[in-house]
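Shown next, in structure tokens, is the structure this report addresses.
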Amino acid sequence: MKVITFYLPQFHRTPENDRWWGRGFTEWTNMKKAIPLFEGHYQPRIPLNGNYYCLTEVETLAWQAALARQYGIYGFCMYHYWFSGQKLLNRPLDLWLENPQIQLPFCLCWANETWTKSWNVNSTDDILILQEYGDQREWKEHFDYLYPFFADNRYIKIQNRPLFVLYRPELLKNRRDLLLFWDKLAKEKGLLGIAFAAQQRFFDVAKESDGDLFTYQIEYQPALAREQIGSLAAIDNGVRCIDYDIAWQAVLNFKPLNNKSIPGAFVDWDNTPRKGKKGVVFKGATPEKFKQYFAQQIQRAKSIYRQDMIFLFAWNEWSEGGYLEPDDKYQYSYLEAIRDTI
């Protein structure tokens, strides 16, 4: 079973984040200011031995890859940010590409959403950078940036087609034309095309007119679970809380959306480091529970979905509570749960 974990590259400084959030901002900034908001709330979450790493250090990338391999992770699905030719948070991805000694399979996911100050992608009042899609000239420029990744022998491919995930395909303007154009360019480069995958819950490849262009539908968890059980949230000192066991039961009861569905799984969820009391917390997560539920989802991947891979939230989404990297409290326990299950 190939376990592919989502990977966030926002653990290094950029000029844009310095300007928008203050000098020196990285994802660690949110983590260091996090506080417990109710009794028993697990915050702040501190990386083991205070390892507030920087993703512009090749040694850090190599450490992550080695750790993932050691505990049975097949590869990373790395978020890629492109705004009309402007790249954000691209340095870790570029370093990964430039250093073939970092041996771990990977693929890219275009996180094609507008960035806002409130971390609310639907907001129009506090836009930091607008996501637009341009014309064929820009599509070609974007493909030319992506192609060296696609051509890399570490890049995850499906029958010689690079796996490229679209976070919000329903937002893409001229979607069919864009995907056909990229597929044509890939074939001109000697590939057999591109294996496109849809990630977010707002898009069903079986119902869309261009769903035939998608190879996979990723069931992004815990987003789907939250959508189903959000009404069961309880309020603890002003914070919306959902029981971890109930969330996982929703995942395990979920039926494939279509015959292209890839099952999802999650480690935990707590986005209060970003959103404070406007965030949502899953209460009751432990490595032991995760191991039990993850093992069941692996079996469902085989028997119900008939797939040999699963997408997991996440490798390092610290500000949303979804991470496998070791912290001071649980150390390597979540990684050990993966290793023991696989």
Check: Can Asp236 and Lys283 be counted as an ion pair, charged N to O under 4.0 angstrom?
Finding: yes
Check: Measuring from Arg154:CZ to Trp96:CH2, what's the distance to the nearest 0.5 Å?
Finding: 7.5 Å
Note to self: Within the structure provided, determine whether Tyr167 and Tyr220 are in side-chain contact (heavy-atom separation under 4.5 Å).
What the structure shows: yes
Item checked: Steps toward side chain to side chain contact (heavy atoms under 4.5 Å, CB included) verdict (Gln292, Glu288) -> CA-CA 6 Å; Gln292 171 192 346; Glu288 293 76 20; over 6 Å; no
Margin query: Show the nearest heavy-atom pair for residues Thr5 and Ala314, with the distance to one decimal.
Written below: CB-C, 4.3 Å
Next item on the list: Mark yes or no for whether Asp268, through its side chain, and Gly322, through its backbone, hold a donor-acceptor pair below 3.5 Å.
Entry: no
Next item on the list: Report the distance from atom CD1 of Ile73 to atom CD1 of Ile342, rounding to the nearest 0.5 Å.
Entry: 7.5 Å
Notebook entry, point to check: Honestly curious: do Ile310 and Ile158 fall in one hydrophobic cluster under the side-chain, below-4.5 Å linking rule?
Noted result: yes
Next item on the list: Return yes if some donor-acceptor pair links the side-chain N/O of Lys289 with the main-chain N/O of Gly284 below 3.5 Å, else return no.
Entry: yes
Checklist line | Spacing of CD belonging to Gln159 relative to CG belonging to Leu192, to within rounding of 0.5 Å | finding: 8.5 Å
Check: Is the Phe6-Phe311 ring centre distance short of 6.0 angstrom?
Finding: yes
Check: Is there a side-chain contact between Leu232 and Asp243, using heavy atoms and a 4.5 Å cut-off?
Finding: no
Check: Any Lys/Arg nitrogen of Asp212 or Arg176 sitting under 4.0 Å from an Asp/Glu carboxylate oxygen of the other?
Finding: yes
Check: In terms of the angle between their ring planes, are Tyr71 and Tyr332 parallel, tilted or perpendicular, with boundaries placed at 30° and 60°?
Finding: parallel
Sequence neighbours left out, cut at 3.5 Å: what donor-acceptor pairs do the side chains of residues 99-109 make with other protein atoms?
residue: Asn99; atom: OD1; partner: Gln101; partner atom: NE2; Å: 3.1
residue: Asn99; atom: ND2; partner: Leu95; partner atom: O; Å: 2.7
residue: Gln103; atom: NE2; partner: Pro100; partner atom: O; Å: 2.6

Item checked: Centroid-centroid distance, Trp110 to Tyr133, less than 6.0 Å -> yes
Margin query: Between Val239 and His41, is there a side-chain heavy-atom distance shorter than 4.5 Å?
Written below: no
Item checked: Donor-acceptor contact present, side-chain Gln331 to main-chain Leu48, <3.5 Å -> no
Check: Do the side chain of Arg300 and the main chain of Phe254 share a donor and acceptor less than 3.5 angstrom apart?
Finding: yes
Atom pairs and distances, donor-acceptor, side-chain atoms in residues 74-84, under 3.5 Å, two or more places apart:
residue: Tyr79; atom: OH; partner: Gln199; partner atom: NE2; Å: 3.2
residue: His80; atom: NE2; partner: His142; partner atom: NE2; Å: 2.8
residue: Trp82; atom: NE1; partner: Glu138; partner atom: OE2; Å: 3.4

Margin query: Is there a continuous path of hydrophobic side-chain contacts, each under 4.5 Å between heavy atoms, that joins Tyr305 to Tyr216?
Written below: no
Check: Taking the side chain as C-beta and beyond, is there a heavy-atom pair between Arg13 and Thr26 under 4.5 Å?
Finding: yes
Notebook entry, point to check: What are the two closest non-hydrogen atoms of Cys54 and His12, and how far apart are they?
Noted result: SG-CB, 3.9 Å
Note to self: Under 6.0 Å between ring centres: does that hold for Tyr155 and Phe150?
What the structure shows: yes
Next item on the list: Can you measure from CH2 (Trp63) to CG (Leu67) and round to the nearest 0.5 angstrom?
Entry: 5.5 Å
Note to self: Looking at Asn237 and Leu37, would you say the former's side chain and the latter's main chain have a donor-acceptor pair under 3.5 Å?
What the structure shows: yes
Margin query: Is there a side-chain contact between Pro287 and Glu336 in this structure, where contact means two heavy atoms from C-beta onward sitting under 4.5 Å apart?
Written below: no
Next item on the list: Is it possible for you to say whether Val205 and Leu257 belong to one hydrophobic cluster, with membership spreading through side-chain heavy-atom contacts below 4.5 Å?
Entry: no
Notebook entry, point to check: Under a 4.5 Å side-chain heavy-atom rule over Ile, Leu, Val, Met, Phe, Trp and Tyr, are Val281 and Trp318 clustered together?
Noted result: no
Note to self: If you apply the rule side chain to side chain contact (heavy atoms under 4.5 Å, CB included), what do you find for Gln131 with Leu171, and how did you get there?
What the structure shows: CA-CA 9 Å; Gln131 181 65 261; Leu171 299 180; over 6 Å; no
Item checked: N/O donor-acceptor pair under 3.5 Å between Asn271 side chain and Ser319 backbone -> no
Checklist line | Asp340 backbone acceptor or donor facing Lys291 side chain under 3.5 Å | finding: no
Notebook entry, point to check: When rounded to the nearest 0.5 angstrom, what is the spacing between CD1 in Ile129 and CG in Leu88?
Noted result: 5.0 Å
Next item on the list: Take Tyr7 and Leu55, measure what side chain to side chain contact (heavy atoms under 4.5 Å, CB included) needs, and give me the verdict at the end.
Entry: CA-CA 11 Å; Tyr7 178 100; Leu55 291 183; 3.4 Å; yes
Check: Taking atom types as modelled and ignoring hydrogens, do the side chains of Glu325 and Asn51 form a donor-acceptor contact shorter than 3.5 angstrom?
Finding: no
Check: Should Trp28 and Tyr53 be marked as a ring pair (Phe, Tyr, Trp, His ring centres under 6.0 Å) after you check the CA-CA gap, both sets of side-chain angles, and the distance that decides it?
Finding: CA-CA 9 Å; Trp28 294 126; Tyr53 55 68; 5.1 Å; yes
Margin query: Checking the side chain of Arg161 only, and the main-chain atoms of Asp183 only, is there a donor and an acceptor separated by less than 3.5 Å?
Written below: no
Notebook entry, point to check: Between Asp144 and Lys140, is a side chain to side chain contact (heavy atoms under 4.5 Å, CB included) present by the stated rule, with each step listed?
Noted result: CA-CA 6 Å; Asp144 288 344; Lys140 175 66 162 56; 2.8 Å; yes
Next item on the list: Can you see which heavy atom on Tyr52 is nearest to which on Pro47, and at what distance?
Entry: CE2-CD, 3.5 Å
Note to self: For a 4.5 angstrom cut-off between non-hydrogen side-chain atoms, does Leu213 reach Arg175?
What the structure shows: no
Notebook entry, point to check: Do you know which two heavy atoms are closest between Ala197 and Leu163, and how far apart they sit?
Noted result: CB-CD1, 4.0 Å
Margin query: So, taking the atom named CD in Gln296 and the one named CD in Gln249, what distance separates them when rounded to the nearest 0.5 Å?
Written below: 6.5 Å
Notebook entry, point to check: Taking all atoms of both residues into account, what is the closest heavy-atom pair of Gln10 and Asn17, and its distance?
Noted result: OE1-ND2, 3.1 Å
Check: For the hydrophobic clusters of this structure (ILVMFWY residues joined by side-chain heavy atoms under 4.5 Å, transitively), does one cluster hold both Ile229 and Leu224?
Finding: no
Note to self: Can a donor-acceptor pair be found, under 3.5 Å and without considering hydrogens, that links the side chain of Glu170 to the backbone of Phe203?
What the structure shows: no
Margin query: Tyr147: which residues meet the side-chain hydrogen bond (donor to acceptor under 3.5 Å, both in side chains) condition with it, sequence neighbours left out?
Written below: none
Margin query: Tell me whether Glu98 is salt-bridged to Arg91, with the criterion being a basic N under 4.0 Å from an acidic carboxylate O.
Written below: yes
Check: Among Tyr293, Trp315, Phe290, Phe294, which one satisfies ring-ring contact (aromatic ring centres under 6.0 Å, His included) with Tyr334?
Finding: Phe290
Item checked: Arg274 bridged to Glu27 by N-O distance under 4.0 Å -> yes
Check: Is there side-chain contact between Trp269 and Tyr244, with heavy atoms separated by less than 4.5 Å?
Finding: no
Check: With a 4.5 Å heavy-atom cut-off, do Thr14 and Trp20 have their side chains touching?
Finding: no
Item checked: Where Gly193 and Lys187 come nearest, the two heavy atoms and their spacing -> N-CG, 3.7 Å
Notebook entry, point to check: Between the side chains of Asp327 and Tyr42, does any donor sit under 3.5 Å from an acceptor?
Noted result: yes
Note to self: Would you call the rings of Trp182 and Phe196 parallel, tilted or perpendicular, taking 30° and 60° as the class edges?
What the structure shows: parallel
